[in-house]
Engineer: 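One structure, pasted below without further comment.
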Amino acid sequence: MSLKGKTALVTGSTSGIGLGIALELARAGADLVLNGFGDAQPALAAVRAEGVQAVHHDADLRRPGEIAAMMEMAVAVYGAVDIVVNNAGIQHVAALEDFAPQSWDDVIAVNLSSAFHTMRLALPGMRARGWGRIVNVASVHGLVASANKSAYVAAKHGVVGLTKVTALETAATAITCNAICPGWVLTPLVQRQIDQLAEREGLSAAQASERLLGEKQPSRRFVTPEQLGKLALFLCSDAADEVRGAAWNMDGGWVSQ
Ligand code: NAD
């Protein structure tokens with residue numbers, strides 16, 4: 001399939017799953033707007049190596065004004081945003097009564113509210129052009145819960161609900177909105193949880209990694225950013241024209257239990 005001539009904006013694409021998705025969209029020919037913290041040069045170089053254009057915007061997704069500036073820049077550079085992938089996410093692990101209110105606000109802002117803002121800003125252009133794709137990276141935690149992840153689970157369930165509403169509001173158009181629900185993927189976000197587990201329990205990194213997978217993911221293998229990128233690419237294809245409001249798990253069997 002070809003996405004040549006299309007522009008895709010992927011939030012949180014300087015590392016991990018977002019970069020994996022950006023690379024698959026680039027391989028299909030889409031020009032990219034990358035976003036995220038840290039040094040964006042390696043991600044920009046990797047995407048450009050696929051023969052497409054790529055720019056980076058460093059919007060802090062906790063701030064609606066910066067999200068608006070990012071969307072404006074995308075239109076100024078490419079003329080349109082055809083594909084939005086709301087991928088950026090952060091995690092904070094603590095029991096509810098110990099959960100810092102600022103951490104709650106940050107997790108909800110990045111993982112949930114930023115998707116509301118990018119979608120509300122991208123939809124008018126998609127409607128005007130008569131085509132669009134929105135892929136929201138939720139999580140298995142959009143479908144089931146785990147202890148000590150109140151804000152994350154609430155935000156991801158919110159993303160799944162927001163995805164369904166958006167799918168209904170665009171159902172009569174060629175714009176689709178779907179969510180992807182990954183299980184464990186070995187990215188910096190999960191590496192931090194492995195490191196904390198190893199330190200807490202006195203385990204080696206390999207033992208902590210096995211423990212993490214063993215508790216939740218029956219395959220005992222990590223899902224990869226490449227696999228998730230290919231699922232996002234499918235959702236952007238014509239074959240997925242009538243996939244609307246799905247919450248598609250790719251989780252090594254996690255939510256089948
Ligand atoms: P990651 O930490 O590798 O990447 C997160 C990205 O978001 C980075 O580019 C980071 O700079 C960016 N980001 C964080 N806060 C931001 C902010 N305020 N403004 C702008 N960008 C910000 O994490 P990942 O594992 O690749 O996670 C990507 C998405 O996948 C998240 O939504 C996460 O919840 C979801 N997810 C991850 C897993 C997993 O096992 N890794 C599982 C299910 C869902």
Side-chain angles (χ1 to χ4, degrees), residues 9-23 32-44 46-47 56-71 84-93 102-103 105-115 117-118 135-146 149 151-160 162-163 179-195 197 209 212-213 215-217 219 221-229 231-232 247-252 254-255:
L9 181 147
V10 185
T11 66
S13 45
T14 47
S15 74
I17 295 167
L19 180 55
I21 292 174
L23 283 170
L32 262 299
V33 179
L34 304 183
N35 156 259
F37 296 151
D39 180 6
Q41 290 311 317
L44 280 169
V47 168
H56 172 256
H57 194 287
D58 64 358
D60 180 338
L61 301 176
R62 291 170 296 185
R63 305 203 164 93
E66 294 189 23
I67 296 174
M70 174 177 72
M71 302 304 285
V84 173
V85 181
N86 289 305
N87 164 80
I90 54 173
Q91 177 63 282
H92 182 75
V93 182
Q102 187 60 52
S103 300
D105 286 348
D106 287 347
V107 171
I108 298 294
V110 178
N111 297 26
L112 175 58
S113 302
S114 74
H117 290 296
T118 60
V135 179
N136 293 327
V137 180
S139 165
V140 285
H141 285 119
L143 304 169
V144 295
S146 295
K149 296 186 174 177
Y152 189 84
V153 170
K156 295 300 187 180
H157 275 68
V159 167
V160 169
L162 180 61
T163 299
I180 291 177
C181 299
W184 290 125
V185 188
L186 192 53
T187 66
L189 182 141
V190 165
Q191 189 62 53
R192 279 190 289 277
Q193 294 176 62
I194 292 172
D195 295 344
L197 180 65
S209 178
L212 197 88
L213 284 169
E215 281 171 2
K216 298 280 187 184
Q217 197 143 304
S219 66
R221 280 188 304 273
F222 288 105
V223 178
T224 68
E226 294 72 27
Q227 291 165 339
L228 291 161
L231 177 54
W248 195 313
N249 50 309
M250 184 183 268
D251 63 359
W254 184 322
V255 303

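Start at 1 and go down the list; that is how both ligands and their atoms are numbered. Note that the coordinates shown come from a computational prediction; the quantities given were computed from them, not determined experimentally.
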Engineer: Could you work out, for atom 40 (O) of ligand 1, the closest of L212, L186, V185, D251 by heavy-atom distance?
Structural biologist: V185
Engineer: Please compare D58, L228, V190 and report which has the shortest non-hydrogen distance to atom 39 (C) of ligand 1.
Structural biologist: V190
Engineer: Do the side chain of N35 and the main chain of G12 share a donor and acceptor less than 3.5 angstrom apart?
Structural biologist: yes
Engineer: Below 4.0 Å from any atom of ligand 1, is there a heavy atom belonging to S114?
Structural biologist: no
Engineer: Tell me the nearest of A138, G12, G20, A88 to atom 44 (C) of ligand 1, using heavy-atom distances.
Structural biologist: A138
Engineer: If we only consider heavy atoms of K156, is any one of them less than 4.0 Å away from an atom in ligand 1?
Structural biologist: yes
Engineer: Have a look at L189, D106, V223 and point out the one with the heavy atom closest to atom 23 (O) of ligand 1.
Structural biologist: L189
Engineer: Quick one: are H92 and I90 in side-chain contact, heavy atoms under 4.5 Å?
Structural biologist: no
Engineer: Identify the closest protein heavy atom to atom 37 (C) of ligand 1: which residue and atom is it, and at what distance?
Structural biologist: I17 CD1, 3.5 Å
Engineer: Tell me, which protein residue and heavy-atom name are nearest atom 31 (C) of ligand 1, and how many Å apart are they?
Structural biologist: N87 O, 3.0 Å
Engineer: Would you mind checking which non-hydrogen protein atom is closest to atom 19 (N) of ligand 1, with the distance to 0.1 Å?
Structural biologist: L61 N, 2.9 Å
Engineer: Return the closest protein heavy atom for atom 36 (N) of ligand 1 as residue, atom name and distance.
Structural biologist: Y152 OH, 3.5 Å
Engineer: Can you tell if the side chain of L186 reaches within under 4.5 Å of the side chain of Q191, non-hydrogen atoms only?
Structural biologist: yes
Engineer: Run down the list A40, S15, G89 and name the one with the heavy atom closest to atom 3 (O) of ligand 1.
Structural biologist: S15
Engineer: To the nearest 0.5 Å, what is the distance between CG on N87 and OG on S13?
Structural biologist: 7.5 Å
Engineer: Here's a test for you: under side-chain contact (heavy atoms from CB on, under 4.5 Å), which of V47, T14, V33 qualifies with H56?
Structural biologist: T14
Engineer: Show the atoms of ligand 1 that are less than 4.0 angstrom away from any heavy atom in D60.
Structural biologist: 17 (C), 18 (N), 19 (N)
